[in-house]
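Just so you know, ligand 1 is whichever comes first in the structure, and atom 1 is the first atom listed for that ligand.
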Amino acid sequence: MNLYEQAAKLLKDGKYTVALTGAGLSTESGIPDFRSSTGYYANIIPEDALSNDVMYNEPERFYKEGYQILKDLEGKKPNDAHFALTKLQEMGLMHEIITQNIDNLHQLAESRDVLPVHGDASHGHCESCQSVYSFEEIDDLVQGGEIPPRCPKCGGLVRTNVVLFGDAMPVEFERAIQATERADTMVVIGSSLRVMPVAYLPRQVKNLIIINKDMTPYDGYADVVIHESAAVALTRILECLK
Ligand code: NAD
């Protein structure tokens, strides 16, 4: 059996499978990841630029540097890897999709049970009255020179729903832990598995499949490791399941 057939067999035999996805899943949608040679680390340090410390204490810098990462997501569309995961869910072979991505592309590909454990850039909210604003509404304020943006209703600070470095983990992370506890099989796709606490999750499952262009710290622990593009690998696995 080749690697794709081995992965397909694990998915078929698995009693409860979840996916854990990272920025590599969306590079084929034109969104840079963090740690590839073409990733954001080449120019900025995301832990700093996308931290709540910088957002609160150096807003001019936040809206010049880290905010650019959120702005780059505008207009992006799901790729074959996102659609393949939706297909696996329709076939009954995939349950929750735990994602570190903030780009909303799993939802646009009509996947269900998506758990965005690092939040979602498509919306933000007022920290005082909790009014919710779309990214476009917030961006209108920012482009109009309102830095940091203020709530048009109450004047409170408006911030992104992305979980910034330094923020507490959201309720979706609790749900991701519970889904992982239910699972016997996990497919990790396009994640360097270097961002904690999410990178602990693959340790909890019996069967692990990793699809990633580069090596990850979990490769030695996984049952199947496919060093290939996410869209190519998932399409081949789907073909094996036909
Ligand atoms: P990462 O940048 O640390 O790792 C991405 C991994 O994906 C790398 O190991 C790379 O080799 C691999 N990769 C790149 N393109 C690939 C492809 N086409 N197919 C298969 N593998 C590919 O990303 P991470 O582990 O998700 O952690 C970074 C953090 O960055 C996350 O917290 C996430 O919130 C944030 N982030 C999100 C987006 C997004 O929403 N699209 C983009 C950049 C960063």
Side-chain angles (χ1 to χ4, degrees), residues 3-4 7 19-52 65-85 97-109 111 114-123 135 160-170 172-173 176 186-202 209-219 222 224-237:
L3 289 173
Y4 304 100
L20 170 60
T21 69
L25 195 84
S26 296
T27 55
E28 289 164 278
S29 294
I31 303 169
D33 62 10
F34 274 0
R35 291 177 180 78
S36 292
S37 54
T38 50
Y40 283 109
Y41 269 100
N43 299 310
I44 59 166
I45 300 167
E47 284 91 338
D48 205 14
L50 272 181
S51 69
N52 67 12
E65 294 181 8
Y67 185 73
Q68 193 55 46
I69 295 176
L70 312 187
K71 204 146 165 57
D72 286 350
L73 304 176
E74 274 187 309
K76 297 297 190 293
K77 303 266 186 309
N79 64 57
D80 286 349
H82 297 96
F83 290 116
L85 289 174
I97 297 178
I98 303 164
T99 188
Q100 299 169 87
N101 293 345
I102 54 174
D103 54 27
N104 209 33
L105 294 188
H106 286 299
Q107 293 87 336
L108 286 178
S111 280
V114 180
L115 297 173
V117 293
H118 288 168
D120 172 10
S122 66
H123 287 83
F135 179 80
T160 173
N161 283 355
V162 169
V163 178
L164 299 174
F165 290 96
D167 282 336
M169 292 299 277
E172 283 78 6
F173 184 61
M186 176 180 277
V187 191
V188 180
I189 312 145
S191 175
S192 65
L193 292 175
R194 291 183 192 281
V195 178
M196 295 294 172
V198 173
Y200 283 119
L201 297 177
I209 302 167
I210 293 181
I211 299 169
N212 205 65
K213 274 192 175 166
D214 297 316
M215 287 173 67
T216 79
Y218 282 83
D219 283 8
V224 179
V225 180
I226 302 176
H227 287 148
E228 176 57 275
S229 120
V232 169
L234 285 171
T235 304
R236 289 204 181 143
I237 291 169

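The closest side-chain heavy-atom distance from P170 to V163 is below 4.5 Å. Counting heavy atoms from C-beta outward, T160 and Y67 have side chains that stay 4.5 Å or more apart. Between V162 and F135, every side-chain heavy-atom pair lies at or beyond the 4.5 Å cut-off. Residues L85 and V187 fail the side-chain proximity criterion, which asks for heavy atoms closer than 4.5 Å. Using a 4.5 Å cut-off on side-chain heavy atoms (C-beta onward), I189 and I209 make no contact. Two residues are said to be in side-chain contact when any heavy atoms from C-beta on lie closer than 4.5 Å; S51 and L164 fail this criterion.
Contacts of S26 with ligand 1, taken as heavy-atom pairs under 4.0 Å, involve the side chain alone.
For A23, a nitrogen or oxygen atom sits less than 3.5 Å from a nitrogen or oxygen atom of ligand 1, counting backbone and side chain alike. Below 3.5 Å of separation, one finds an N or O of H118 facing an N or O of ligand 1. Looking at F34 next to ligand 1, an N or O pair under 3.5 Å apart turns up.
Note on ligand 1: R194 sits outside its first shell, no heavy atom being nearer than 4.0 Å. Not a single heavy atom of P46 sits less than 4.0 Å from an atom of ligand 1. The shortest separation from a heavy atom of K76 to ligand 1 is not under 4.0 Å, leaving the residue out of contact.
Atom 43 (C) of ligand 1 has its closest protein heavy atom at P32 O, 3.4 Å. Protein heavy atom closest to atom 21 (N) of ligand 1, with residue, atom name and distance, is K213 N, 3.1 Å. For atom 12 (C) of ligand 1, the nearest protein heavy atom (residue, atom name, distance) is N212 OD1, 3.3 Å. In this structure, atom 11 (O) of ligand 1 lies nearest to the protein heavy atom D214 OD2, 2.6 Å. From the protein, the heavy atom lying nearest to atom 17 (C) of ligand 1 is G24 O, 3.2 Å.
Between atom 40 (O) of ligand 1 and the options D72, L20, N104, I102, the minimum heavy-atom separation is to I102. With atom 27 (O) of ligand 1 as the reference point, the heavy atom nearest to it among V188, D33, V195 is part of V195. Checking A233, A230, A231 against atom 20 (C) of ligand 1, the nearest heavy atom belongs to A230. Of the candidates L70, I211, T27, D103, it is T27 that places a heavy atom closest to atom 15 (N) of ligand 1.
Taking CG from D33 and OG from S26, the interatomic distance works out to 9.5 Å, rounded to the nearest 0.5 Å.
Those atoms of ligand 1 that come under 4.0 Å of a heavy atom in E228, given as number and element, are 19 (N), 20 (C). With ligand atoms numbered from 1 in the order given, ligand 1 contributes 26 (O) to contacts under 4.0 Å with heavy atoms of G22.
Checking V224, V225, I211, I237 one by one against L3, the side-chain contact (heavy atoms from CB on, under 4.5 Å) holds for a single residue, V224.
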